[in-house]
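Reading through the C-alpha cells given below for one structure.
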There are 2 protein chains.
Amino acid sequence: MTGTQTRIVLARLPQGVPVVEDFTAETVPIPQPGEGSFLARTVLLSLDPYVRSAIAGRHPGHAASSPGDLVPGRGVARVIESRHAGFAEGELLVVETGWQEFLVSDGRNARLVDVRMAPASTALGVLGMPGLTAWAGITSLAAVRPGETVVVSAAAGAVGSAAGQIARIGGARVVGIAGSREKCALATGTCGLHACVNYRQEGWQAELRRATDGSVHVYFDNVGGPILDAVMDLLAPGGRVVLCGLIGQYNTGVPLTVPLASIIKRRARLMGLVVYDHEHLFPEYLATASAWVRDGRMRYVEDRAIGLEAAPAAFHRLMTGANVGKSIVVVTPEDPDA
Amino acid sequence: MTGTQTRIVLARLPQGVPVVEDFTAETVPIPQPGEGSFLARTVLLSLDPYVRSAIAGRHPGHAASSPGDLVPGRGVARVIESRHAGFAEGELLVVETGWQEFLVSDGRNARLVDVRMAPASTALGVLGMPGLTAWAGITSLAAVRPGETVVVSAAAGAVGSAAGQIARIGGARVVGIAGSREKCALATGTCGLHACVNYRQEGWQAELRRATDGSVHVYFDNVGGPILDAVMDLLAPGGRVVLCGLIGQYNTGVPLTVPLASIIKRRARLMGLVVYDHEHLFPEYLATASAWVRDGRMRYVEDRAIGLEAAPAAFHRLMTGANVGKSIVVVTPEDPDA
C-alpha cells in the first residue's frame, strides 16, 4: 500500500497536565512492512493515563519521549498486508499502534480480537488491560470476600468501573468515589454500586464514612493523595489497599506519599499493582468477564472521540478527569466492527 | 507492708528526645492491696520505645500523660502480699509496674515467669513482647522462606536482634542495619547475621546494595525515614515490608511517609505490625524460642542500668540509639533470679 497518513507527534514536552498545544499532526508516507512484519490500519486508539508517565520516561518499557516523537499508545488495528507467518490479512488485533493511522509491527505483544465474543472496543477497556488490572487487584491481590466493604476511586473510569463491578459481582458492598454527580450516577446506576461519593462536594469525607459505616475492608486506589488519606482513616484493622494508579502524580511528578503511622495503626496491607505481572490471568479473566458482559451483569461506558486529530483534546479530558468511562478515539469510523 | 518507696514521675512533658530533666523521683507511701489485688515489688523494669508515644497519647491503651504522672512501663515483679485468688506470694510476674519500686495490680495482663525456662530478664526481651513482635513479623506477616534475603533495621535492638535471628534460623540470608560499628559487630557476631551495615557511615547505601546483591525479599523496618527509602530501592519485585516501628517519629511527632510510586514500582507489600494482634502466637513462640535460647542458637544482649533512679538516663540512651541490646533497669538488685 502506498500513499500518506496522518500521525500525531509531540510538539513539545508537556508541563503538568498535557494540553492540545503539546501535540501536532504531521503527514508522512505509509510505512512498508519488511519480512516478518505486517502493515495494519488503526481502527480504535486507546487513551490511558500511563501514556502520560510513558512520555515522561516513568513507565516500564518506555524511554522518555522527545519533541517530534510519535505519541505511544495501544489500539485495535486491522491487518492490511502481512509478511509475518503469525498474522493474516483481515485479522483484528490489539497492538501498539501509537497515535497514527497506519503502523508496521513485528507482532510483539499483539493479540487477536474476537468480535463474536464482544464488540472490538471492549478489548481496550472492560475486556482489555483496564479490566485485567481490576481483576488482578480485586480477586488476586486483595482477594475480596463476599460481604466485605470495598471502596474504589475513579469509580467511573475504565479501571475503577471494572473493579467496582467485579467486587459487586463477587458479593461485596461497593462504594465508589468519583469527581462529579454524573460520574456517581454512572457508578450507582449503570455499574450497580451500593453508593458513590463525589469528592468535589463539601463534606464528602463524612458522606464516605456514612456510606461505608466507617469500616472499609478493601480500598482499590487509582489516585493517591487526599482521597487515599481519607480512606486510610476508615480502614478496618487488617484492611487491604491496592495501589494501582497515581493520576495526580502522572501530571505533576510530585511524589504522593502515605504516612507510615496510618499503615501501622490500621495494621494495613498496602499492595502495589502493575498489570504486566498478571497477564497469565488474562484467559481466565476474558472467559469470565466476557460472559458477564454478554449477559449484562457487567457494563461499560465509553468516552468516544472521532478522528485521530481529536486525540489530543480527548487526552487532555482524560488527564483532567473530564471523561466519563473508557477513553477511545475512533480513528477509522468506517470499520464495521468498531 | 508499710513504709515508703521511690517512684519516677514526669517533671514536664518531653519535647523531642526525652532528657533526664523531664523526669523526677518522689517518695510516696507503699500502696496497700485491696480485695482482688496484690502488692508486688519491681525487680526489673523494661524500657521500650513505645513508652515515648504512650506519654504523648499516641499509643493504643494509653491516655496522654501529664506532669506529675507515673511513667508507664512493664517489668518483672515479685508478689509480696496477695488478696487475689489468681496470684500467690512469691510468684514472679511480667506486669505493668510503672517506674516505681512497689505496685498494686489487679493482675490485668500479668503473666507468670518461669525461671526454669530461662533467666527472668528474658521475659522482657527475647522471650517477651519484643521477641513476639519479631516472631509475628518474620513468620506470620512476612512468612520468610529459606534462601530469601531479609534486611532488619535497628538490628542490635531488642526487636531487631530477635527478628534477625528468627529469620536466620529459618534459613534466610539476613543483613542488619545499625547505627555503630559496635552494634554491627553484635549483629554479625553474637546474632550470627550474614552482614551488617552501619548507616552512620558514608556510602552505607552502596554497602547495603553489595551485602544484599541488590535484591531484598523482606524488610523488617523498625525506623522508617531514609533507611526505609534506601531499602525500598533494593526491594525485589513483590518484596514484603513489615512496618513495625518509627523510632524517629516517636520523638518528633513529624509524620514519616513512604512514596506510593515506590510501592507500585516494586509491587511491594507493606504490612503494619502491632504486637497486640498476635498475642495468641505467644505460647508457640515461647516454646520454640526458649529452646533456642537454651541451646544457644538464639542469643540476647542487654543494656542494664542499676537502680530506679538510673531509668531516665537509660531511657534517653534508648531513644537516641546509644543502647546496645534490650534496655533493662535493675530495680531490686538483690533478687536472686534477676
Side-chain angles (χ1 to χ4, degrees), chain A residues 49-50 53 56 58-61 133 136-137 140-143 153 219 221-229 232 235-250 252-278, chain B residues 49-50 53 56 58-61 133 136-137 140-143 153 219 221-229 232 235-250 252-278:
Chain A
Y50 82 81
S53 16
R58 291 193 301 261
H59 194 76
T133 304
S140 180
L141 293 194
S153 56
Y219 175 44
D221 180 47
N222 289 302
V223 295
I227 295 178
L228 173 60
D229 294 343
M232 287 298 292
L235 211 61
R240 293 95 79 200
V241 177
V242 176
L243 298 173
C244 178
L246 299 168
I247 189 97
Q249 186 173 329
Y250 295 148
T252 64
V254 177
L256 295 171
T257 64
V258 60
L260 299 177
S262 73
I263 303 175
I264 296 178
K265 187 176 171 194
R266 304 291 175 177
R267 292 81 151 147
R269 291 185 173 238
L270 274 67
M271 297 167 273
L273 169 57
V274 175
V275 68
Y276 308 126
D277 298 340
H278 301 276
Chain B
Y50 81 83
S53 17
R58 291 192 300 259
H59 194 75
T133 304
S140 181
L141 293 193
S153 56
Y219 175 44
D221 180 47
N222 289 302
V223 294
I227 295 177
L228 174 59
D229 295 343
M232 287 297 293
L235 211 61
R240 295 97 78 200
V241 178
V242 176
L243 298 173
C244 178
L246 298 168
I247 189 96
Q249 187 173 327
Y250 295 147
T252 63
V254 177
L256 296 171
T257 64
V258 59
L260 299 176
S262 73
I263 302 175
I264 297 178
K265 186 175 170 194
R266 302 293 175 175
R267 294 79 153 148
R269 293 186 171 236
L270 274 67
M271 297 168 273
L273 169 56
V274 176
V275 67
Y276 308 126
D277 298 341
H278 302 276

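Hydrogens, waters and symmetry mates are skipped; everything else that's a heavy atom, side chains included, is used.
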Sorted by chain and number, sequence neighbours left out, salt bridge (Lys or Arg N to Asp or Glu O under 4.0 Å) with B:Arg269 holds for none
Can you list the residues that meet the salt bridge (Lys or Arg N to Asp or Glu O under 4.0 Å) rule with B:Asp229, with sequence neighbours excluded? none
Part of A:Ala261 within contact of chain B (heavy atom distance under 4.5 Å): both
Qualifying residue for side chain to side chain contact (heavy atoms under 4.5 Å, CB included) with A:Leu270, from B:Ile264, B:Ile263, B:Leu243: B:Ile263
Please name the residue in the list B:Leu256, B:Leu260, B:Thr257 that meets the side chain to side chain contact (heavy atoms under 4.5 Å, CB included) test with A:Thr257. B:Thr257
Under 4.5 Å, counting heavy-atom pairs only, tell me which of B:Asp221, B:Val258, B:Leu141 racks up the most with chain A. B:Val258
Roughly how far, to the nearest 0.5 Å, is CE of A:Met271 from CE of B:Met271? 9.5 Å
